[in-house]
Protein chains: 2
Amino acid sequence: MESEKQKGAPLPTIRRLPSYLRVLRRMQEQGREFISSTQMAEELKLEAIQIRKDLAVTGVEGKCRVGYQVPDLIDAIESFLGWDNLTDAFLVGAGSLGTALIGYQGFEHRGLNIVAAFDTDPYKIGRVIHGKDVFPLDKLPDLARRMHIHMAVITTPAAAAQAVADLLVSADIRAIWNFAPTKIHVPESVVVQNEDLSAGLAVLSVRLAEVLNRSESLEQEA
Amino acid sequence: MESEKQKGAPLPTIRRLPSYLRVLRRMQEQGREFISSTQMAEELKLEAIQIRKDLAVTGVEGKCRVGYQVPDLIDAIESFLGWDNLTDAFLVGAGSLGTALIGYQGFEHRGLNIVAAFDTDPYKIGRVIHGKDVFPLDKLPDLARRMHIHMAVITTPAAAAQAVADLLVSADIRAIWNFAPTKIHVPESVVVQNEDLSAGLAVLSVRLAEVLNRSESLEQEA
DNA sequence: TAGATTGTTAATCGATTAACAATC
DNA sequence: TAGATTGTTAATCGATTAACAATC
């Protein structure tokens, strides 16, 4: 079954699929009909064999000598990710990051539709951000049920995140995309994706120190 | 030597260190002197043994029966990540995401100091965002050299990112934190950290489909 | 002492990479 | 056909986890 296949897909594979989708969409705009794993590998600085392995989870088969049919592959990846249908979502925390995410056009092509924002700040409540209303947080459970929303984005400060998560769980939200810099605890039936920006910054910091050290020692040698 | 140790640290370990730091700082605020790997594991829903392995890269040693000394560990992680000194950085692309990052207070505790922003949009140039000037992009190379900046954040649209990266490389920038949803190509001597938000969204989408399927089949059984 | 904890060494697990047959 | 490409099967690599001795 398809659902089993999806469940079995390695996490790193799932994380790479959106980058394949970006390349494919660019190819489609250019009117390209086929693309090989070799060409995608070049573009993304990955190994061709890794791309073929990844694409295998979608079920599409490439053609020898020509590669994969671009529109087929786009459809297959979108369907695998569930991005062929928009999922409505609420956003909690209408600060600067929340505002940025509400305004991000790209989510339309990534299956996400932020329909409203919530905050506790009286100054923000009632405002309209990028066309979306900001409601008081305590209206969320009622609205979530009436609008059949089961996805939410948290862009609050860390201190507020757990209480917000609890409220979301009580409102039958099933998936939380958490940008607050803290780990939130939820029941097993709810999925959380923690987006920890400082993890990436940590990697960058360590690698910058490495290249700076390297060029310093080169200077000393010279 | 320390630099060798850092080079050898596994990437997943480096990515987890900031979350340890957050827990430790909260402990310090509460006046806690020691914390064990077991306690941190509970907090972060990780395995204690993994935390001990991770912390080993910083060189700190825990004490049997009590765990790690909180202030020591904070210092060690900060120093390992190079977060004990602020690195000045430029930000390119003063859109909504750029604005959010400029305003994010947390970078002060993560070794990053965004000192100025750059854009090509005449409407944005000359404005001040969260206290930081927005300069025309073509002034960047000159300013980077005069201010000895070697880190930059890209928050432009995908279409502009590669040209911006080329400009940054020509301005002797050595580390790039790229939020534009595209892979940028730079020489080996420059490090790039791509922050691909859609990767996280992909994982969330697939896992949401799984839990929804699961609850559906439970309903059918009932 | 007993028991909680650390840190090392070894085993397991999972992802990436390599080798290669099959295909057009 | 020759050659480029896919996709399978096996090997390698690296990270996580388990087992356990050492410590206080």
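The sequence lines fix the lettering, A, B, ..., with proteins before strands; numbering per chain opens at 1. Worth knowing before you read on, the calculation uses all heavy atoms, side chains too, and leaves out hydrogens, waters and symmetry mates.
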Can you name the atoms? Protein N/O to nucleotides 6-10 of chain C N/O, anything below 3.5 Å, with the distance.
residue	atom	partner	partner atom	Å
dT6(C)	OP1	S37(B)	N	3.0
dT6(C)	OP2	S37(B)	OG	2.5
dT6(C)	OP2	R52(B)	NH1	3.4
dG7(C)	OP1	G62(B)	N	2.7
dG7(C)	OP2	Y68(B)	OH	2.7
dG7(C)	N7	R52(B)	NE	2.8
dG7(C)	O6	R52(B)	NH2	3.1
dT9(C)	O4	K53(B)	NZ	3.3

Grab the N/O contacts between the protein and nucleotides 12-15 of chain D below 3.5 Å, and write none if there aren't any.
none

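Note on R214(A) versus E188(B): no salt bridge recorded, every NZ/NE/NH1/NH2 to OD/OE distance being 4.0 Å or above.
No side-chain N or O of Q50(B) forms a donor-acceptor pair with one of D54(B) less than 3.5 Å apart. S198(B) and R22(A) share a donor-acceptor pair across their side chains, judged by distance under 3.5 Å alone. A donor-acceptor pair shorter than 3.5 Å can be found between the side chains of Q39(A) and R32(A).
For F118(A), the ring pair (Phe, Tyr, Trp, His ring centres under 6.0 Å) partners at least two apart in sequence or on another chain are F90(A), F135(A).
A donor-acceptor pair is defined here as one N or O able to donate and one able to accept, closer than 3.5 Å; such a pair exists between the side chain of K132(B) and the backbone of I114(B). Within the 3.5 Å criterion, the main-chain N or O of A199(A) finds no donor-acceptor partner in the side chain of R16(B).
L46(B) places its CG atom 14 Å from the P atom of dA18(D), with the value rounded to the nearest Å. Regarding M40(B), its CE atom lies at a distance of 14 Å from the P atom of dT5(C), rounded to whole Å.
Listed here is the closest heavy atom pair of A9(B) and V57(B): CB-CG1, 4.2 Å.
Within the structure, the side chain to side chain donor-acceptor pair (under 3.5 Å) test picks out the following pairs touching residues 103-114 of chain B (sequence neighbours left out): D88(B)-N113(B).
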Requested in this report: Would you write the dot-bracket representation of DNA chain C, where each base gets (, ), [, ], | or . depending on whether it forms a Watson-Crick or G-U pair under 3.5 Å and with which partner?
Outcome: ..||||||||||||||||||||||
Review item, side-chain donor-acceptor pairs of residues 167-183 of chain B, under 3.5 Å, at least two apart:
residue	atom	partner	partner atom	Å
S170(B)	OG	L167(B)	O	2.7
R174(B)	NE	S189(B)	O	3.4
R174(B)	NH2	S189(B)	O	3.4
W177(B)	NE1	E195(B)	OE1	2.7
N178(B)	OD1	A180(B)	N	3.0
N178(B)	ND2	A180(B)	O	3.4
N178(B)	ND2	T182(B)	O	3.0
N178(B)	ND2	N194(B)	OD1	2.9

